[in-house]
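To keep things clear, I will list the structure first and then write my remarks on it.
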Amino acid sequence: MKEQFSLSFVHMIASAAGCSIKSHATDYDGVDITISSSTEYSTYYCPEFELQLKATAQRDLLKTTTCHGR
């Protein structure tokens, strides 16, 4: 369930940014997915980067933040 949450969250962010996601059937070198863009930038042509996703359900590892409306 945690793995699916991680994948869904990254898909949502990448889609909003106009990027594509390549899934890997096998986990070579710790790579779970590759995010790529077909946009031509002034410095890079079709950039991509590889991610290894992690998730936890341990509450003591999660940060809590508050918003004070300043």
Side-chain angles (χ1 to χ4, degrees):
M1 194 165 67
K2 291 179 290 211
E3 178 183 3
Q4 292 303 313
F5 177 79
S6 293
L7 287 169
S8 298
F9 185 77
V10 172
H11 274 267
M12 177 183 68
I13 300 299
S15 295
C19 295
S20 301
I21 293 182
K22 301 174 189 176
S23 297
H24 302 277
T26 17
D27 187 5
Y28 293 117
D29 299 326
V31 175
D32 293 323
I33 60 174
T34 301
I35 297 178
S36 60
S37 174
S38 58
T39 304
E40 293 183 31
Y41 298 95
S42 60
T43 310
Y44 302 103
Y45 177 74
C46 297
E48 64 180 31
F49 60 97
E50 299 173 328
L51 293 174
Q52 182 180 38
L53 303 174
K54 298 290 180 189
T56 184
Q58 296 178 347
R59 290 193 174 271
D60 58 328
L61 296 177
L62 303 174
K63 291 183 180 179
T64 58
T65 59
T66 57
C67 181
H68 296 287
R70 294 182 187 181

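Along the sequence shown, the residues carry numbers beginning at 1.
- Nearest heavy atom pair, residue Ile21 against residue Val10, reads CD1-O, 3.9 Å.
- Cluster membership check: Leu7 shares its hydrophobic cluster with Phe49, using side-chain heavy-atom separations under 4.5 Å among Ile, Leu, Val, Met, Phe, Trp and Tyr.
- Atom CG of residue Leu53 and atom CD1 of residue Ile33 lie 4.5 Å apart, to the nearest 0.5 angstrom.
- Listed by first and then second residue, the salt bridge (Lys or Arg N to Asp or Glu O under 4.0 Å) pairs involving residues 9-21 amount to none (not counting sequence neighbours).
- For Glu48, the salt bridge (Lys or Arg N to Asp or Glu O under 4.0 Å) partners are Lys22, not counting sequence neighbours.
- Between the CD atom in Glu50 and the OG1 atom in Thr34 there is a gap of 4.5 Å [rounded to 0.5 Å].
- Remark: His11 NE2 to Ser20 OG distance equals 10.5 Å, nearest 0.5 Å.
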